[in-house]
Amino acid sequence: MADPERTERRLRPAPLLFEPSEAATDPEHFFDLESIEDPRELLARATELTLAFRAAQERAVEFQALAAAQLADRRRFDRLSPAAIAAEADWTEDYAVKMIEFGQTLPLNDAP
């Protein structure tokens, strides 16, 4: 079952504002943080972004695990071996096995 604190944190990440394409090409530009002069405001916004990226990363890992579990499902005629999943995801085979096992515990795995 999902950790309630983790679920609550996931519901409240800072909004990730999409940057214009010209800003994305500037390596010094990052979500307009460089333009914030007040250190308290900079700390607050940088912290919001850190939490948002962390929440996004955790959620993405859950979806990776879900996909790995579905690809390895014995009920699939085209199921993949842990080695094949590892190769596709650029993981070690041991890590693929752990991700498959984790994905099997996720509630979304029961969806048809």
Side-chain angles (χ1 to χ4, degrees):
M1 177 148 222
D3 179 10
E5 180 181 322
R6 187 173 166 196
T7 302
E8 181 180 327
R9 188 174 68 214
R10 185 180 308 142
L11 296 176
R12 299 180 11 178
L16 296 177
L17 305 175
F18 291 96
E19 299 182 294
S21 59
E22 63 272 3
T25 60
D26 179 5
E28 297 299 316
H29 186 83
F30 187 74
F31 287 88
D32 210 28
L33 292 179
E34 69 286 343
S35 69
I36 300 175
E37 294 182 16
D38 178 14
R40 288 177 195 253
E41 184 182 344
L42 178 59
L43 178 61
R45 181 62 181 150
T47 301
E48 287 176 351
L49 285 169
T50 299
L51 294 174
F53 284 125
R54 193 174 294 148
Q57 184 270 337
E58 289 174 2
R59 190 70 174 140
V61 167
E62 289 175 354
F63 277 102
Q64 282 183 310
L66 177 64
Q70 290 174 347
L71 288 169
D73 190 334
R74 294 181 190 276
R75 297 173 292 185
R76 290 177 62 109
F77 75 92
D78 61 345
R79 74 175 177 262
L80 298 178
S81 68
I85 293 170
E88 202 165 312
D90 198 25
W91 296 335
T92 65
E93 189 172 347
D94 289 343
Y95 186 74
V97 169
K98 290 179 187 211
M99 288 295 278
I100 291 165
E101 291 170 354
F102 174 50
Q104 291 168 339
T105 68
L106 294 173
L108 294 174
N109 197 35
D110 297 332

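A ring-ring contact (aromatic ring centres under 6.0 Å, His included) check over residues 58-93, counting only residues at least two apart or in different chains, returns the pairs W91-Y95. Within the structure, side chain to side chain donor-acceptor pair (under 3.5 Å) contacts touching residues 78-87 (residues at least two apart or in different chains) are R76-D78.
Here E34 pairs with H29 under the side chain to side chain donor-acceptor pair (under 3.5 Å) rule; sequence neighbours left out. In this structure A72 satisfies the side-chain contact (heavy atoms from CB on, under 4.5 Å) test together with I85, I100, sequence neighbours excluded. In terms of the side-chain contact (heavy atoms from CB on, under 4.5 Å) criterion, residue partners of E88 (sequence neighbours excluded) are, by chain and number, L80. Considering only residues two or more places apart in sequence or on other chains, L42 meets the side-chain contact (heavy atoms from CB on, under 4.5 Å) condition with L33, I36.
Across A96 and P82, no two heavy atoms sit closer than the pair CB-O, 3.5 Å. Across every non-hydrogen atom of S35 and D32, the tightest pair is OG-O, 2.8 Å.
In this structure, the side chains of M99 and V61 come closer than 4.5 Å at one or more pairs of heavy atoms.
No salt bridge links E101 with K98; every basic N to acidic carboxylate O contact stays at or beyond 4.0 Å.
Around the CG atom of D90, the shell of radius 6.0 Å holds no more than 12 heavy atoms that belong to other residues, nucleotides or ligands.
Atom CZ of R59 and atom CD of Q64 lie 12.5 Å apart (nearest 0.5 Å). We find the CG-CD distance between L66 and Q70 to be 4.0 Å, quoted to the nearest 0.5 Å. Atom-to-atom distance recorded for R54:CZ and L49:CG is 12.0 Å, nearest 0.5 angstrom.
F31 and F53 have perpendicular rings, their planes meeting at more than 60° on a 0 to 90° scale where under 30° would count as parallel.
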